[in-house]
There are 2 protein chains.
Amino acid sequence: MSDRGNTNAKRAAYDLRQRIIKGELPGGTRLFEVALAEELDVSRTPVREAMSRLAEEGLLERAQSGGFVVRSFTHADVVDAIELRGVLEGTAVRLAAEAGVSDEQISHVNELVGRIDACFAVSGQPDLDLYSELNAAFHDELSRLCPSPIVQSELERVKSLPFASPSAFVFRQRDRDGMIQSLILAQAQHRAMIEAIAGREGARAEALAREHARIARRNLEAKALGADFAHPAMALVVE
Amino acid sequence: MSDRGNTNAKRAAYDLRQRIIKGELPGGTRLFEVALAEELDVSRTPVREAMSRLAEEGLLERAQSGGFVVRSFTHADVVDAIELRGVLEGTAVRLAAEAGVSDEQISHVNELVGRIDACFAVSGQPDLDLYSELNAAFHDELSRLCPSPIVQSELERVKSLPFASPSAFVFRQRDRDGMIQSLILAQAQHRAMIEAIAGREGARAEALAREHARIARRNLEAKALGADFAHPAMALVVE
DNA sequence: ATACACGGGAATGTATACAAAGCGCGGCGC
DNA sequence: GCGCCGCGCTTTGTATACATTCCCGTGTAT
């Protein structure tokens, strides 16, 4: 299994990443090269390489005396990461609005928003998997509108945290009505953001992006209250 | 020379970092392990380790086909990094204001601001080195007020770019008067930020931090216009 | 002339042996 | 009994040999 990537180091990084995200390696766990090398059936060299890459992603920290430790995230960290994502997305769309974007780009993101509508326009259950995918694609497009590669890459960095990605907390809410309402709100914000960018309203675009991120926070807190709190992206949260 | 750190990898990282910051290794330069290993008189292993660390810092990028390339920064990137620092510092102080900070912390940063005054209160030339140091310390304290470790660490990350640090463009302006005026403005903003944080005025604190970062941008642009444009932190900017 | 294939060299990927450093445990002396 | 010293084990650090891959240039065949 998991032949992702062609080198042992990439495969090891993939496996390690999965184990961390699944929560099999809780925050604070010290990773020992030899043990991992045996488990993954490679030598220490690609293991070190893999740990290095995961440290770049922010999933591991370098321990003081060498070696790596699984980074631990508290509930507050998750909330803050979502807030930070909102701030950075806000900056990205503000800069896009201020710099101006081409009509082609606007119609491209508009088309994406239209396709999102289709996920829950039909009478049956909404297609949540498709929604997640298209929603992520929409947010990726938004970041692509940003004229600053620096801001773009920091935004991408934060979004790579599993619980800070735009489609991390796409509900699974109990009541269908609440879910639909949430989706309608999100779509309204999507369209308003595009309108603001097209109209060069930087401050509006920024405020909308920040508020938009609050949906994720609200969903997160709704889940935290519910008894069956078991979202995959939350496995790596300790405390 | 450069026995910084006790392992060969840390020493190699230090040497490489210096060479990149000095501009000896311009953006886009592909780094070859064997060549570097010979130059630094170590084996390939610590060289890889060093490159890994510099990639985490954002000074290197992983090339598609393996290996590392010196990250290249355009003038626009520098401007954007300063903007981003303002945004993140703004978020940090907003969160600090919203969460509230203790009186001890407030008086601590206040004391730092007072010590900054001393750098240019005397009649002679201002002590710019001391100013840079205290200014950096002040900004570090600001980030420490932020209740969110996530925001803190991303802010620290951006500040670690040599040209995005708060004291990267501390003038060296020709005219002493302009320099003093710039310092007075900066200090006024410093004090206003503290006041806003103490008074729980999140939005004000955020706006002030963003505007405060514009001083660096202005200094940068003033330099770009001048003929003798040779700021140490700009050596790694290409184009 | 062009396209494809083969070769060779240069670069990274990998394994492994050995070095050194950090930490804990146990023994010894007081 | 208590404290300190030192030894040994564990773990990372380093060097190096070998494997693999990829790029590029050259040659040949159509």
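Protein chains get the first letters and strands the later ones, always in sequence-line order, with residue 1 at the start of each.
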With sequence neighbours left out, what residues match B:R214 under side-chain contact (heavy atoms from CB on, under 4.5 Å)?
B:E83, B:E211, B:R217, B:R218
B:S143 and B:E156: side chain donor to acceptor below 3.5 Å
yes
With a 4.5 Å cut-off on side-chain heavy atoms, are B:L25 and B:L16 touching?
yes
Assign a letter to each nucleotide of nucleotides 11-21 of chain D from its 5' end: B, base within under 4.0 Å of a protein heavy atom; S, sugar-phosphate only; -, no contact.
SBBBBBB----
Check B:E49 with B:R53, please: is the shortest side-chain N to carboxylate O separation under 4.0 Å?
yes
Name the orientation class of the two ring planes belonging to A:H139 and A:H212 (parallel below 30°, tilted from 30 to 60°, perpendicular beyond 60°).
parallel
